[in-house]
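I have placed the structure first, in the form of structure tokens, so that the comments after it can refer back to it.
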Amino acid sequence: MPHVLILGGTTEARHLAEALHPRVRVTSSLAGRVAAPRLPAGEVRIGGFGGAEGMAEWIREQSVSAVIDATHPFAETISFNAARAAATAHVPLLALRRPGWVPGPGDDWREVGSLTEAAEAVRGAGRVFLTTGRMGLAAFAHVDDVDFLVRSVDAPEPPFPPRMEVLLDRGPFTLPGERAVLADHAIDVLVTKDSGGAATSPKLVAAREAGVPVVVIRRPPVPTGIPVATTVEEATKWLHAAPIF
């Protein structure tokens with residue numbers, strides 16, 4: 001039976017595991033940054049591999065037939081490690097990457113290249129809805145002239161902004177819910193990473209409707225020369241066309 005390693009933590013990764021299991025042995029690897037992650041079908045391992053070399057060794061030891069990089073678009077380190085590990089272990093690699101968001105009529109977006117740039121862009125902005133995750137709050141820790149509403153799955157740990165309210169929640173989010181958040185908290189600016197997909201996109205629609213400006217953090221670089229699928233269906237077809245079956 002083919003053994004597929006899914007580098008996961010995303011909705012697409014879970015759906016892919018469900019589509020393959022139990023006809024294929026599936027191992028989903030999660031980073032372990034969320035205290036109680038939604039576990040996918042099949043086998044699950046949590047934690048790092050020890051870099052590209054450690055991943056390549058694990059791939060060989062576990063007789064992995066193919067690797068699917070279905071990590072978050074901003075998990076650039078693991079994506080580059082996966083490219084090196086797959087090449088070292090001589091197994092096929094596919095990147096499952098959801099398309100990025102594109103501004104439409106009525107959107108007021110300012111694109112920036114990093115969390116640090118986003119922190120400078122919101123100085124003095126009043127009330128800011130920060131949806132970039134708890135792991136990046138250190139970039140905003142020095143911003144003392146903004147009231148932040150921070151949404152995350154788990155409670156953040158310092159360093160974080162001195163003026164901060166935490167909203168513990170997990171997507172997918174609804175448009176009515178996002179409208180309520182913006183209105184109830186009198187949000188002046190929304191900050192988000194370009195994670196793409198539908199699970200968190202309602203906040204962009206709500207911001208457009210409310211005339212709230214959005215600071216969008218661009219995606220980091222990804223390895224080149226890797227086949228890319230944008231949907232679970234495309235990834236499944238790629239696997240079935242690979243010589244592992």
Side-chain angles (χ1 to χ4, degrees), residues 9-11 31-37 71-77 98 100-221:
T10 60
T11 301
R33 292 180 176 176
V34 177
T71 54
H72 191 276
F74 283 79
E76 64 267 34
T77 299
R98 65 183 77 149
W101 291 318
V102 178
D107 283 322
D108 181 6
W109 288 12
R110 175 179 175 183
E111 294 189 4
V112 297
S114 66
L115 288 167
T116 301
E117 290 183 21
E120 293 306 311
V122 300
R123 276 197 170 278
R127 292 191 58 81
V128 174
F129 186 20
L130 194 57
T131 64
T132 55
R134 66 188 177 93
M135 303 302 293
L137 290 181
F140 299 86
H142 66 288
V143 182
D144 57 6
D145 59 351
V146 170
D147 292 313
F148 287 100
L149 174 66
V150 173
R151 181 163 66 191
S152 65
V153 176
D154 297 317
E157 298 178 355
F160 45 61
R163 294 160 57 179
M164 179 183 74
E165 178 182 354
V166 178
L167 178 62
L168 296 180
D169 204 354
R170 186 199 302 259
F173 302 104
T174 66
L175 181 55
E178 299 293 60
R179 288 169 175 156
V181 170
L182 296 185
D184 293 347
H185 295 272
I187 296 301
D188 297 302
V189 177
L190 167 67
V191 179
T192 184
K193 294 177 177 178
D194 180 15
S195 57
T200 58
S201 61
K203 63 189 172 188
L204 300 174
V205 179
R208 181 192 309 139
E209 293 176 347
V212 171
V214 183
V215 176
V216 180
I217 302 169
R218 291 188 295 269
R219 294 182 177 188

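All of these numbers come straight from a predicted model, not from anything done at the bench. When reading the values below, keep in mind they use all heavy atoms of this one structure, side chains included, and skip hydrogens, waters and symmetry mates.
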With no hydrogens and no angle check, is any side-chain donor or acceptor of Asp147 less than 3.5 Å from a backbone partner on Arg163? no
CD of Glu165 to CG of Leu130: how many Å apart, nearest 0.5 Å? 13.0 Å
Donor-acceptor pair, Asp145 side chain versus Gly124 backbone, under 3.5 Å? yes
Donor-acceptor contact below 3.5 Å, side chain Arg218 vs main chain Ser114: no
Minimum heavy-atom distance Lys193-Trp101, with the two atoms named: O-CZ3, 3.1 Å
Closest heavy-atom pair, Val166 versus Ser152, reported as atoms and distance to 0.1 Å, is CG1-OG, 4.4 Å
Could you state the interatomic distance from CG (Leu149) to CE (Met164), rounded to the nearest 0.5 Å? 10.0 Å
Take Val146 and Val189, measure what side-chain contact (heavy atoms from CB on, under 4.5 Å) needs, and give me the verdict at the end. CA-CA 10 Å; Val146 170; Val189 177; over 6 Å; no
Pair Arg208 + Asp107, salt bridge at N-O below 4.0 Å: yes
Is the shortest side-chain heavy-atom distance between Leu137 and Glu157 below 4.5 Å? no
Do you know which two heavy atoms are closest between Ala207 and Leu182, and how far apart they sit? N-CD1, 3.6 Å
Looking at Pro221 and Glu76, what are the two nearest heavy atoms and their distance? O-CB, 4.0 Å
Step by step, would you call Val212 with Phe129 a side-chain contact (heavy atoms from CB on, under 4.5 Å)? CA-CA 10 Å; Val212 171; Phe129 186 20; over 6 Å; no
Measuring from Thr131:OG1 to Leu190:CG, what's the distance to the nearest 0.5 Å? 5.0 Å
Give the minimum heavy-atom separation between Arg219 and Ser195, together with the two atoms involved. NH2-O, 3.2 Å
Basic-acidic side-chain contact under 4.0 Å: Arg151, Glu178: yes
Over all atoms of both residues, closest heavy-atom pair of Val102 and Trp109: C-CH2, 3.8 Å
Note, Val112 side chain near Glu120 side chain (heavy atom, < 4.5 Å): no
Evaluate the side-chain proximity of Glu111 to Glu117: yes if any heavy-atom separation is below 4.5 Å, no if none is. no
Looking at CD of Glu209 and CG of Leu204, how far apart are the two atoms once the value is rounded to the nearest 0.5 Å? 11.5 Å
Check for a donor-acceptor pair, side chain of His185 on one end and backbone N or O of Ile187 on the other, with a separation under 3.5 Å. no
Spacing of Asp144 atom CG and Arg123 atom CZ [to the nearest 0.5 Å]: 6.0 Å
Using side-chain contact (heavy atoms from CB on, under 4.5 Å) as the criterion, point out the one residue from Thr192, Val215, Ile217 that pairs with Thr132. Ile217
